[in-house]
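Throughout, protein chains are lettered first and strands after them, A, B, ... in sequence-line order, and every chain is numbered starting at 1. As the structure is a prediction and not an experimental result, all values here were calculated from the model.
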Number of protein chains: 2
Amino acid sequence: MVKDEGWQSLSIRKIADAIEYSVPVIYDHFENKEAILMEIGKEGFKSLAKKMQQAKAKSTDPAGQLRVMADAYWHFAQKNKEYYQLMFGLGMPCCDVEKNLPEKMTVRSLFMDSINELIAKHQTPNANLCLKYHTLCSILHGLISIRMLSNSDASDTLNKLVLDDAINGFIKNLES
Amino acid sequence: MVKDEGWQSLSIRKIADAIEYSVPVIYDHFENKEAILMEIGKEGFKSLAKKMQQAKAKSTDPAGQLRVMADAYWHFAQKNKEYYQLMFGLGMPCCDVEKNLPEKMTVRSLFMDSINELIAKHQTPNANLCLKYHTLCSILHGLISIRMLSNSDASDTLNKLVLDDAINGFIKNLES
DNA sequence: TACATTTGCTAACGGTGTTAGGAAATTATA
DNA sequence: TATAATTTCCTAACACCGTTAGCAAATGTA
């Protein structure tokens, strides 16, 4: 049901219909809609943790473990898109529907030009521009969006450190 | 208005109230609610692009430019939280409200233990465990969430490459 | 003045989360 | 077994939502 129409169209009434009960019985089991979503989200985290544990068991050295765990995380998100959306608050209507937004291209170019210049400067021919751009975007957006949903007001200095660390790592990789 | 109660509580009727017109006049100017959000999102991208251009002008070498642009991006998201949420589809109700979800801690430990081991193995005392964990999470989550909102079905192999590239860079940084 | 167009409204439709209050069925008690 | 207590479940409503049909008033035009 969610897979067909997304979380936005999941209503208490539709749930009641599906389980062939009336609406108020649902409120006998859950305080409100958010509690239902929360419960499903919990299931998601449970499943993710399991997959990652299984993955980690496949490797012994820490670097290898990190790789297989990242793989497991990735595959979980891919195979359980709807769960992942719920777990991390994704899925609000947003302006990405409009792909060719000119200002988006501006941001893209600003980043890409500098990356390209850096690649040329240090003659790192193995570095793929497009790949590196996406990596940078992921680091930035990931850091910000995670910070936003766990609105940690206090640890904002830590977050800036994480940003600097990640960007430094990104640049260092481009230079070698 | 959005800043006080979030995007979820922004309704056409409230907008109509605020501008002291009736509801249907809004539909004379916008096709639907999504179009309104889209327009606001556009403004956001415009503003972000501007900030990044201004930042880039402050530096000449590409590495420095990347650093100041990342900073600008970060500060934009921080100062314009609501815009950023709209621009990247964040803000759905999710289970992060419940901070101490045990399965979340499991995932955290799985990652952290391996990172810690890797740090110990290569004796990189400058590496801060907590910092590195957050960096890894950001990379993973950023990559996945960006992939999700620009649902690029075709370029899934590229995305796997980006993931591998980013994780490799992360591990390489931990080892040196 | 008479017509045409724009402008804005009221009222409705079907949907949403949520809750009050009351039947019916079950269980416990005398 | 008959009555009381409790659980189970539903109908109906409230207040809100996005969206639209249809109409009145104001404005511009001939």
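Remark: aromatic rings of B/Phe45 and B/Phe88 are close, center separation under 6.0 Å. Aromatic pair A/Tyr84/B/His141: ring centres closer than 6.0 Å.
Here C/dC9 presents its C1' atom at 12 Å from OH of B/Tyr21, a figure rounded to the nearest Å.
Residues that satisfy the side-chain hydrogen bond (donor to acceptor under 3.5 Å, both in side chains) test with B/Asn128, not counting sequence neighbours, are absent from this structure. Evaluation of the salt bridge (Lys or Arg N to Asp or Glu O under 4.0 Å) rule for A/Asp17 yields no partner, not counting sequence neighbours.
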Distances under 3.5 Å between protein N/O atoms and the N/O atoms of nucleotides 15-18 of chain C, please, pair by pair.
from	atom 1	to	atom 2	distance (Å)
C/dT16	OP1	A/Ser11	OG	3.0
C/dG17	OP1	A/Ile12	N	3.0
C/dG17	OP1	A/Lys33	NZ	2.9
C/dG17	OP2	A/Ile12	N	2.9
C/dG17	N7	A/Arg13	NH1	2.6
C/dG17	O6	A/Arg13	NH2	3.0
C/dT18	OP2	A/Tyr27	OH	2.7
C/dT18	OP2	A/Lys33	N	2.9
C/dT18	O5'	A/Tyr27	OH	3.1

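Side-chain atoms of A/Asp61 come within 3.5 Å of backbone atoms of A/Gly64 as a donor-acceptor pair (strictly under, hydrogens ignored). Here the side chain of B/Lys56 pairs no donor or acceptor atom with the backbone of B/Met69 at under 3.5 angstrom. Between the side chain of B/Trp7 and the main chain of B/Gly91, no donor-acceptor pair closer than 3.5 Å is present. A donor-acceptor pair under 3.5 Å is absent between the side-chain atoms of A/Ser114 and the main chain of B/Gln65, judged by distance alone. The closest donor-acceptor contact from the side chain of A/Lys14 to the backbone of A/Ser9 lies under 3.5 Å. Side-chain atoms of A/Ser59 never come within 3.5 Å of backbone atoms of A/Ala55 as a donor-acceptor pair (strictly under, hydrogens ignored). A/Lys104 places no side-chain N or O within 3.5 Å of a backbone atom of B/Ala49 that could act as its donor or acceptor partner.
Residues from residues 1-8 of chain B placing a heavy atom under 4.0 Å of any atom in DNA chain C do not occur.
For DNA chain D, the outermost nucleotides in 5' to 3' order that have an atom under 4.0 Å from a heavy atom of chain A are D/dC9 to D/dA13.
Helix-axis bend for the helix from C/dT5-D/dA26 to C/dA25-D/dT6: the local axis fitted to the five terminal pairs at one end deviates from that at the other end by 30°, rounded to 10°.
Checked for salt-bridge contact, B/Asp164 and A/Arg67 miss the test: no charged N lies under 4.0 Å from a carboxylate O.
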